[in-house]
Amino acid sequence: MNIDPTVMSTESQSKIEEYLQSVKDQISLVELDGYLPANAIIDAFNKGEEHGEAKFLSKFKDSFINNITQHFLYSWNIYNSLTEKKYPIDSCYISPVSRNTIYITSIENTVNDSFINLFYELAFDFEARFLKDNKSHLQFSFIGNEDVDYEQLACDHFIKVI
């Protein structure tokens, strides 16, 4: 026998109607014998939901600001470390949206093993720290300074910070 789950039997329907009839006096819009009315419970739920949403948005904003600040500081630390070792960086672009940093440097640096090793040592260290502290990923990369499409960087939400 195939039973269609979208069709309710007459017996089931009558039992539901009987139950609803028996509890109709128990649902009230005014307080009865120390019980809260249905609309008070609904209002409390809505206020709790609004408070929870406001609290979540506040925490999210604080977390976002903290992540952006940490991203900038780590990017700045890599920049300082590279320039202290006499590896010039032309500019630095950060995308807070994708949590990426791109350093623009000379073509000579892009093929210099010492620069590449130092860069990735620093990048991997700060990426691991960020992941541990923020439970989120961060990425650092570099490109040569020839034929850079700066308009495309802006379209991809990168902001020049150095």
Side-chain angles (χ1 to χ4, degrees), residues 2-8 16 27-29 31 35-162:
N2 290 334
I3 299 174
D4 184 353
T6 61
V7 178
M8 185 183 303
I16 290 174
I27 299 173
S28 175
L29 297 179
E31 187 173 340
Y35 291 97
L36 294 175
N39 60 349
I41 293 169
I42 292 168
D43 288 346
F45 174 81
N46 288 337
K47 286 179 184 173
E49 193 173 52
E50 289 170 13
H51 175 72
E53 182 181 353
K55 190 174 180 181
F56 168 78
L57 290 175
S58 176
K59 280 184 171 181
F60 178 78
K61 182 182 104 180
D62 292 345
S63 174
F64 185 76
I65 290 170
N66 181 50
N67 285 347
I68 296 297
T69 302
Q70 199 62 54
H71 181 178
F72 177 80
L73 291 173
Y74 285 169
S75 298
W76 185 255
N77 285 341
I78 290 174
Y79 170 81
N80 280 337
S81 295
L82 293 170
T83 56
E84 285 173 5
K85 298 285 185 184
K86 307 297 183 214
Y87 296 117
I89 301 297
D90 297 351
S91 54
C92 174
Y93 287 80
I94 291 179
S95 171
V97 174
S98 62
R99 293 194 178 124
N100 286 314
T101 299
I102 297 176
Y103 297 90
I104 299 176
T105 189
S106 68
I107 295 299
E108 293 78 25
N109 280 342
T110 66
V111 295
N112 179 332
D113 287 341
S114 296
F115 172 83
I116 294 168
N117 290 337
L118 176 60
F119 178 84
Y120 283 113
E121 179 184 318
L122 294 166
F124 292 156
D125 178 51
F126 285 118
E127 288 170 358
R129 284 189 205 179
F130 192 83
L131 179 61
K132 180 180 177 259
D133 294 342
N134 300 290
K135 310 291 185 265
S136 182
H137 291 277
L138 187 61
Q139 184 176 3
F140 300 99
S141 58
F142 64 86
I143 59 174
N145 58 4
E146 293 181 9
D147 300 321
V148 177
D149 189 344
Y150 294 99
E151 286 181 24
Q152 188 61 49
L153 285 172
C155 289
D156 290 338
H157 307 287
F158 280 92
I159 303 163
K160 183 177 182 180
V161 293
I162 299 172

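Keep in mind it's a predicted model, so treat the numbers as computed, not measured. Just the heavy atoms: all of them, side chains too, but no hydrogens, waters or symmetry mates, feed the values below.
- Of all the heavy atoms in T110 and I143, the pair that sits closest is CG2-C, 4.0 Å.
- Residues forming a ring pair (Phe, Tyr, Trp, His ring centres under 6.0 Å) with F140 (at least two apart in sequence, or on another chain): none.
- Between F142 and I116 there is a side-chain heavy-atom pair separated by less than 4.5 Å.
- Rounding to the nearest 0.5 Å places OH of Y74 at 12.0 Å from OG1 of T69.
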Run T105 and F115 through side-chain contact (heavy atoms from CB on, under 4.5 Å) and show every step you take. CA-CA 10 Å; T105 189; F115 172 83; 4.0 Å; yes
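- Atoms CG and CD1, on N112 and I107 in that order, are 12.5 Å from each other to the nearest 0.5 Å.
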Can you give me every donor-acceptor pair (side chain of residues 148-162, partner residue at least two apart or in another chain, under 3.5 Å) with its distance?
{"from": "D149", "atom 1": "OD1", "to": "E151", "atom 2": "N", "distance (Å)": "3.3"}
{"from": "D149", "atom 1": "OD1", "to": "Q152", "atom 2": "N", "distance (Å)": "3.1"}
{"from": "Q152", "atom 1": "NE2", "to": "D156", "atom 2": "OD1", "distance (Å)": "3.2"}
{"from": "Q152", "atom 1": "NE2", "to": "D156", "atom 2": "OD2", "distance (Å)": "3.4"}

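- Listed by chain and residue number, H71, S75 satisfy the side-chain hydrogen bond (donor to acceptor under 3.5 Å, both in side chains) test with T101 (two or more places apart in sequence, or in another chain).
- Among residue pairs with one or both ends in residues 78-91, those qualifying as side-chain hydrogen bond (donor to acceptor under 3.5 Å, both in side chains) are D90-N145; sequence neighbours excluded.
- Atom CG of N77 is separated from atom CD of Q70 by 8.5 Å, given to the nearest 0.5 angstrom.
- Among pairs with a residue in residues 134-143, those fulfilling side-chain hydrogen bond (donor to acceptor under 3.5 Å, both in side chains) read R99-S136, at least two apart in sequence or across chains.
- In this structure, the side chains of F126 and L138 stay at 4.5 Å or more apart for every pair of heavy atoms.
- Here the side chains of E127 and L131 are not in contact, with every heavy-atom distance at 4.5 Å or above.
- Residues passing the ring pair (Phe, Tyr, Trp, His ring centres under 6.0 Å) test with F124, sequence neighbours excluded: Y120.
- Side chain of S63 to main chain of F60: no donor-acceptor pair is present (N/O by atom type, distance under 3.5 Å, no hydrogens or angles).
- Using a 4.5 Å heavy-atom cutoff, the side chains of I102 and S95 are not in contact.
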